[in-house]
Enquirer: 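Before I ask anything, let me first share the structure, which is written out below as structure tokens.
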Amino acid sequence: SNAQEYVEGTDPTSPAPAPGQVAGVQAVAGNGQNILFWNHQVSVQSYNLYWSTTPGVTKVTGTKIAGVTQPFVHAGLTNGTNYYYVVTAVNNAGESTESAEVFSQPGVPGWNPQVALPVNASQDAVAMSDRGDILLARITDTSGARNLVVEHYREGQGWVSAVQLASQAYSPSVDMNSRGDAMVVWRTYDGATNSMWSATYDAARNIWSAPVYVAQVYSSYEVSLLNDGSALLLCRNSNIVCSQAYSPLHGWDAQVDVGLINGNINIFPPRFSVNEAGQAVAVWQNGLQVMSSILTPGAGWSAATAISDAPSNTAQVREAEVGIDANGNVVAIWIQIVPENRIGYDLELWFGSYDAATGSWGDPEMLKRFASYGSFEAKLAVSASGDAIVVWSNATYSDDVIATYRPVGGDWSRARAVNKNLNGNRAYHPRIGIYDSVNDTVIFREAESDYYPDTFGRVDVLAARYDKAQGGFGIPV
């Protein structure tokens, strides 16, 4: 379209040239599948993939899969067999020549070698794309300059040259989309005023934009970047939860108020989740309740709704987490602390579900109650297809990391220990990630939960993978 050509910098009055050779093709192995990525080109309508189990793939010799989008999951493959690929670009002027050939051998995935992050960083933010690229945004406090420096890690290349985006910078937030594009948001102080700025990275051109003004300073903020280059910033401005939307064509829109926050003690930062359709959900604390609002493209944010039960004896709510699937359905979790006559306080882990078809939240339900008060963490991951997994630890109540899984349309599984209490060590600080398969036969390949078992002063990082077909976690490694 003319608007898209304007964004891409091409002339909407001139016919698009034939597409050039596709660059940056990568094939990442999975269990019974390979995942393909490549650099996006301007004025391209679609991409074709050609593959074979023998090298030397061409448009003539390869098996064609037309109209693919990245990341493309080539599923149903045989583990241990090499698969060779080329990608072509298509527009009205024709089809490009084949890309450089790549190959990958599917198999049971394992961990890559440890990658060291650059040093001399006082504040940093890290994001990773689906293709395995890593972006590190860090503040280097050199003679008080507080420079914001961004660095890329690329598979097979390592850390590439650093780029300085700004000086007198603080608290970067960064996100990457599956194409490898990135956005960094940060705040600056010029000696008189605070302000918010952003910069975007174009993976196809390998360039950073000049810094763009966002707004006056926010006390907390988080950015999410979509594949079409648009972005959403969720922020807190004093006692207001707010958002700002970004488009490549128009830049940043004005601040939009999402909801109010009452009270400043033990307030967790607002959290949000965005899907590729631009639907979003935000959760935050308002007094002793967890509030939520749903963003519908073209309609804006819904009225704030209390999603927690907030019984009269609740002393505190803490650490809400939220996730949204590709259809706009939502799962949220949070912690409620309630007085208990025998020992003082109990911890309760709650969840709520939002049904996009009816546009309403269901009644909140308790997942687990712990008859002790102490160190506790709970994390949530929701796949694009709607599966959800919750993992938690309570160092006071037990020495285990516990997880429960809920398939789309189903019920939560029985909570089980992920670490199997290896060697009697304590396990804590869980993190969780969930991955979708593009075909609907496998909703996600695996979920990872990593934790630290404390062995007489020694701290190890371990991971366990969830296999949906087997219905449980494997042995931690």
Side-chain angles (χ1 to χ4, degrees), residues 125-130 173-178 182-183 185 218 220-228 230-236 241-246 256 258-259 268-285 290-297 299-302 304-308 317-335 349-357 359-362 364 367 377-392 405-406 408 430-436 443-444 447-448:
V126 179
M128 176 179 286
S129 72
D130 290 347
S173 175
V174 61
D175 193 30
M176 298 185 79
N177 61 24
S178 64
M183 174 176 280
V185 178
Y218 297 124
S220 66
Y221 46 89
E222 182 181 6
V223 67
S224 179
L225 179 68
L226 304 184
N227 283 334
D228 64 2
S230 64
L232 186 67
L233 184 71
L234 186 75
C235 39
R236 178 183 177 186
V241 178
C242 53
S243 74
Q244 283 191 248
Y246 172 89
V256 175
V258 180
F268 60 79
R271 301 300 307 273
F272 79 135
S273 181
V274 187
N275 64 20
E276 282 298 331
Q279 299 168 304
V281 56
V283 293
W284 66 94
Q285 179 180 347
V290 177
M291 309 296 293
S292 176
S293 178
I294 305 293
L295 174 64
T296 302
W301 289 97
S302 66
T305 301
I307 63 173
S308 60
V317 293
R318 289 185 356 197
E319 290 97 8
E321 299 272 334
V322 68
I324 188 170
D325 70 16
N327 296 315
N329 301 305
V330 175
V331 178
I333 64 169
W334 62 92
I335 299 167
L349 177 60
W350 288 72
F351 81 95
S353 299
Y354 174 84
D355 187 332
S360 61
W361 286 89
L367 268 177
E377 287 186 275
K379 299 296 179 182
L380 164 73
V382 177
S383 74
S385 300
D387 290 357
I389 193 161
V390 177
V391 60
W392 66 85
Y405 161 78
R406 190 184 77 172
V408 58
R431 299 294 183 267
I432 190 73
I434 197 166
Y435 305 88
D436 252 8
I443 303 302
F444 68 85
E448 299 172 358

Enquirer: Using the side-chain hydrogen bond (donor to acceptor under 3.5 Å, both in side chains) criterion, which residues pair with Ser224? Sequence neighbours excluded.
Expert: none
Enquirer: With sequence neighbours left out, write down each residue that passes salt bridge (Lys or Arg N to Asp or Glu O under 4.0 Å) with Arg406, or none if nothing qualifies.
Expert: none
Enquirer: Output yes when a side-chain donor or acceptor of Glu319 lies under 3.5 Å from a complementary backbone atom of Ala378, and no otherwise.
Expert: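 Answer holds: no.
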Enquirer: Taking all atoms of both residues into account, what is the closest heavy-atom pair of Val283 and Ala332, and its distance?
Expert: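 Scanning both residues, the minimum pair turns out to be CG1-CB, 4.4 Å.
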Enquirer: Over all heavy atoms of both residues, which pair between Leu380 and Ala388 is shortest? Give the atoms and the distance, please.
Expert: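 Taking Leu380 first and Ala388 second, the nearest heavy atoms are CD1-CB, 4.4 Å.
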Enquirer: Can you tell me how far the OH atom of Tyr246 sits from the CE atom of Met183, to the nearest 0.5 Å?
Expert: 5.0 Å
Enquirer: Taking side chain as C-beta onward, heavy atoms only, is Leu226 less than 4.5 Å from Glu276?
Expert: yes
Enquirer: For Asp387 and Ser385, does a side-chain donor sit closer than 3.5 Å to a side-chain acceptor?
Expert: no
Enquirer: Quiz question: by atom type and distance under 3.5 Å, do the side chains of Trp334 and Ser308 form a donor-acceptor pair?
Expert: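 No, no side-chain donor-acceptor pair sits under 3.5 Å.
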Enquirer: What's the separation between atom CD in Glu377 and atom CG in Leu349, rounded to the nearest 0.5 Å?
Expert: 12.5 Å
Enquirer: Applying salt bridge (Lys or Arg N to Asp or Glu O under 4.0 Å), can you list everything that pairs with Glu321, at least two apart in sequence or on another chain?
Expert: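 Glu321: salt bridge (Lys or Arg N to Asp or Glu O under 4.0 Å) contacts with Arg271, Lys379.
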Enquirer: Distance from Glu222 atom CD to Leu232 atom CG, nearest 0.5 Å?
Expert: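 Reported value, rounded in 0.5 Å steps: 10.0 Å.
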Enquirer: Using the side-chain hydrogen bond (donor to acceptor under 3.5 Å, both in side chains) criterion, which residues pair with Asn327? Sequence neighbours excluded.
Expert: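 With sequence neighbours excluded, Asn327 shows a side-chain hydrogen bond (donor to acceptor under 3.5 Å, both in side chains) to no residue whatsoever.
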Enquirer: What residues form a side-chain hydrogen bond (donor to acceptor under 3.5 Å, both in side chains) with Ser173, not counting sequence neighbours?
Expert: none
Enquirer: Tell me whether Ser302 contacts the main-chain N or O of Ile294 through its side chain, where contact means a donor paired with an acceptor under 3.5 Å.
Expert: yes
Enquirer: Go through the steps for Ser243 and Phe272 under the test side chain to side chain contact (heavy atoms under 4.5 Å, CB included), then give the verdict.
Expert: CA-CA 10 Å; Ser243 74; Phe272 79 135; over 6 Å; no
Enquirer: Show the nearest heavy-atom pair for residues Trp361 and Val281, with the distance to one decimal.
Expert: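 Trp361 and Val281 have their closest heavy atoms at CZ2-CG2, 4.4 Å.
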Enquirer: I'd like to know if the side chain of Asp325 and the backbone of Ser383 have a donor-acceptor N/O pair within less than 3.5 Å.
Expert: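 Not a single qualifying donor-acceptor pair exists.
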Enquirer: May I ask you to decide if Met176's main-chain N or O and Ser129's side chain share a donor-acceptor pair within less than 3.5 Å?
Expert: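 Side chain of Ser129 to backbone of Met176, a donor-acceptor pair under 3.5 Å: no, none is there.
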Enquirer: Of all residues at least two apart in sequence or in a different chain, which pass the side-chain hydrogen bond (donor to acceptor under 3.5 Å, both in side chains) check with Gln279?
Expert: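 Only Asn275 meet the side-chain hydrogen bond (donor to acceptor under 3.5 Å, both in side chains) criterion with Gln279.
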Enquirer: Counting C-beta onward and ignoring hydrogens, is there a side-chain heavy-atom pair between Asp355 and Asn329 closer than 4.5 Å?
Expert: yes
Enquirer: With side chain to side chain contact (heavy atoms under 4.5 Å, CB included) as the test, pick out the partner of Ile333 among Trp350, Phe351, Trp392.
Expert: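 Looking at Trp350, Phe351, Trp392, the match for Ile333 under the side chain to side chain contact (heavy atoms under 4.5 Å, CB included) is Phe351.
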